[in-house]
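Residue indices begin at 1 and follow the sequence shown. This structure is a prediction, so every number in the text was calculated from the model and none was measured.
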Amino acid sequence: MSVEIKLSRSNRIYRPNELVEGKIVTKLSSSISHQGIRLNVNASVNLQVRGGSAGVIESFYGVIKPITILNKTVEVLKSGRISSGTTEIPFSFWLKDPGEKPLEKFYETYHGGDISIQYLASVDISRGYLHKSLSATVEFIIESEKENLPEKPISPEMVIFYMTQDTQRHSLLPELKSGGFRVSGKVCTLCSLSDPIEGELTIESSAVPIQSIEIHLLRLESILVGEKIATESSLIQTTQIADGDVCRGMTLPIYIILPRLLTCPSIFAGPFSIEFKVTLVITFQSEQSKVHTKSNFKTLKSWHAAESIPLELIRTK
């Protein structure tokens with residue numbers, strides 16, 4: 001015996017003011033009786049604070065309660081029987097009923113490190129005390145209402161940056177400090193989630209050959225714990241834009257496609273916030289870099305140079 005929820009949209013993407021439709025599909029070897037079929041729709045912002053970011057704060061306040069966005073139950077069928085074989089039972093529900101005041105703002109679906117925003121639909125087929133209930137869950141994805149979104153295209157906001165041995169706050173290789181380097185470029189700081197992050201950079205000079213150039217996409221998740229804010233940064237993805245020593249004076253393009261569920265519009269809510277930034281990391285050739293092939297984005301080594309730029313993400317029509 002099995003039960004499955006199939007939504008009418010294959011991409012499972014909905015807006016808060018839309019009707020969600022689908023089917024509950026049961027596959028049974030023999031007919032069964034049930035005491036009703038209910039669909040539970042739940043949505044929440046789940047928060048967790050790890051010891052590394054909160055320390056003693058976490059021990060005082062413990063688990064942080066999730067923020068409820070949606071909690072409703074839809075009766076699909078009253079008590080009866082389901083025949084053997086495959087049966088499809090249609091259902092539909094409004095995410096936000098007309099005239100109903102939601103419990104919380106419909107934030108976009110987001111899967112983060114310490115913060116996750118999920119929308120789940122669960123079916124429960126109750127069969128009484130002597131039989132185990134049949135259940136299944138499916139996640140659907142919420143995006144902002146189009147009426148509240150700016151029209152495309154948005155005016156791109158580019159920031160000009162440059163990197164030298166004097167802009168670095170960590171210790172550098174002696175040959176880098178004495179010989180120096182200079183990197184200039186520009187990158188977008190306001191980006192639509194449906195568009196790539198674009199920009200360019202130029203290696204103007206470098207006394208040490210370059211091994212690789214990477215762009216790190218980072219998220220900064222902040223959670224209000226009591227009267228203090230616990231902030232944790234984590235890596236979403238790394239995009240390599242150059243491998244090996246780069247010709248001096250040649251302009252390299254920056255083009256990064258955003259991962260859907262790992263990003264969302266930048267959020268600045270009371271109990272939490274979700275921000276993003278891009279970090280340009282240049283690895284120079286040295287004996288140490290050959291031994292330590294992998295780098296921690298939080299700890300720059302002496303053969304690294306980096307520049308971090310805040311990034312605001314928005315949803316557009």
Hydrophobic clusters here meaning ILVMFWY residues chained together by side-chain heavy-atom distances under 4.5 Å, can you tell me if Val159 and Leu311 are in one?
yes

Where do Leu70 and Leu95 come nearest, in terms of heavy atoms and distance?
CD1-O, 3.6 Å

When you measure from the side chain of Glu175 to the backbone N and O of Ala207, does any donor-acceptor pair fall under 3.5 Å?
no

Treating Gln237 as the side-chain partner and Ile257 as the backbone partner, does any N or O pair qualify as donor plus acceptor under 3.5 Å?
yes

Decide yes or no for Leu300 and Arg169: does some side-chain heavy atom of the first lie under 4.5 Å from some side-chain heavy atom of the second?
no

If you define the side chain from C-beta out and look only at heavy atoms, does anything of Thr316 sit under 4.5 Å from Ser194?
yes

Within-4.5 Å side-chain heavy-atom neighbours: Ile314 and Glu312:
yes

Is Ile82 close to Val3 at the side-chain level, that is, under 4.5 Å between some pair of heavy atoms?
no

Does Leu19 have more than 12 heavy atoms from other residues, nucleotides or ligands lying within 6.0 Å of its CG?
yes

For Lys146, is there an ion pair with Glu18 - N to carboxylate O distance below 4.0 angstrom?
no

For the residue pair Ser84 / Ser30, report whether a side-chain donor-acceptor contact shorter than 3.5 Å exists.
no

Using only atom types and a distance under 3.5 Å, with no angle test, would you say the side chain of Ser266 pairs donor to acceptor with the backbone of Leu313?
yes

Thr167 side chain to Met163 main-chain N or O, any donor-acceptor pair under 3.5 Å?
no

Check: Glu204/Ser184 side-chain N/O donor and acceptor closer than 3.5 Å:
yes

Any sub-3.5 Å donor-acceptor pair from Lys6's side-chain atoms to Glu88's backbone N or O?
no

Answer yes or no: are there more than 12 heavy-atom neighbours, outside Lys132 itself, under 6.0 Å from its atom NZ?
no

Just by distance, no angles: are the side chains of Thr73 and Arg38 close enough, under 3.5 Å, to form a donor-acceptor pair?
no

Aromatic contact between Tyr119 and Tyr14, with the criterion being ring centroids under 6.0 Å apart: yes or no?
no

Polar side-chain atom of His170 near backbone of Ser302 as donor-acceptor pair, under 3.5 Å:
no

Between Val45 and Tyr107, what is the shortest heavy-atom contact and its length?
CG2-CD1, 3.9 Å

Donor-acceptor under 3.5 Å (Asp245 side chain, Ile210 main chain)
yes

Flag side-chain contact, heavy atom, 4.5 Å: Leu217 against Ile197
yes

Shortest non-hydrogen contact between Leu258 and Ser192, atoms and distance
CD1-O, 3.9 Å

Thr279-Ser308 side chain donor-acceptor pair, cut-off 3.5 Å
yes

Is any side-chain heavy atom of Thr26 less than 4.5 Å from a side-chain heavy atom of Ile125?
yes

Side chains of Glu214 and His304: closer than 4.5 Å at any heavy-atom pair?
no

Does Lys72 NZ have over 12 foreign heavy atoms under 6.0 Å away?
yes

Whether the Arg219 and Ser234 side chains hold a donor-acceptor pair (N or O, under 3.5 Å, no angle test) is what I'd like checked.
yes

Between Ile229 and Ser222, is the side-chain contact (heavy atoms from CB on, under 4.5 Å) condition met? List the steps.
CA-CA 6 Å; Ile229 298 176; Ser222 300; 3.8 Å; yes

Measure from the side-chain N and O atoms of Thr109 to the backbone N and O of Ile142, and report whether any donor-acceptor pair falls under 3.5 Å.
yes

Min side-chain heavy-atom separation Arg127-Ser133 under 4.5 Å:
no

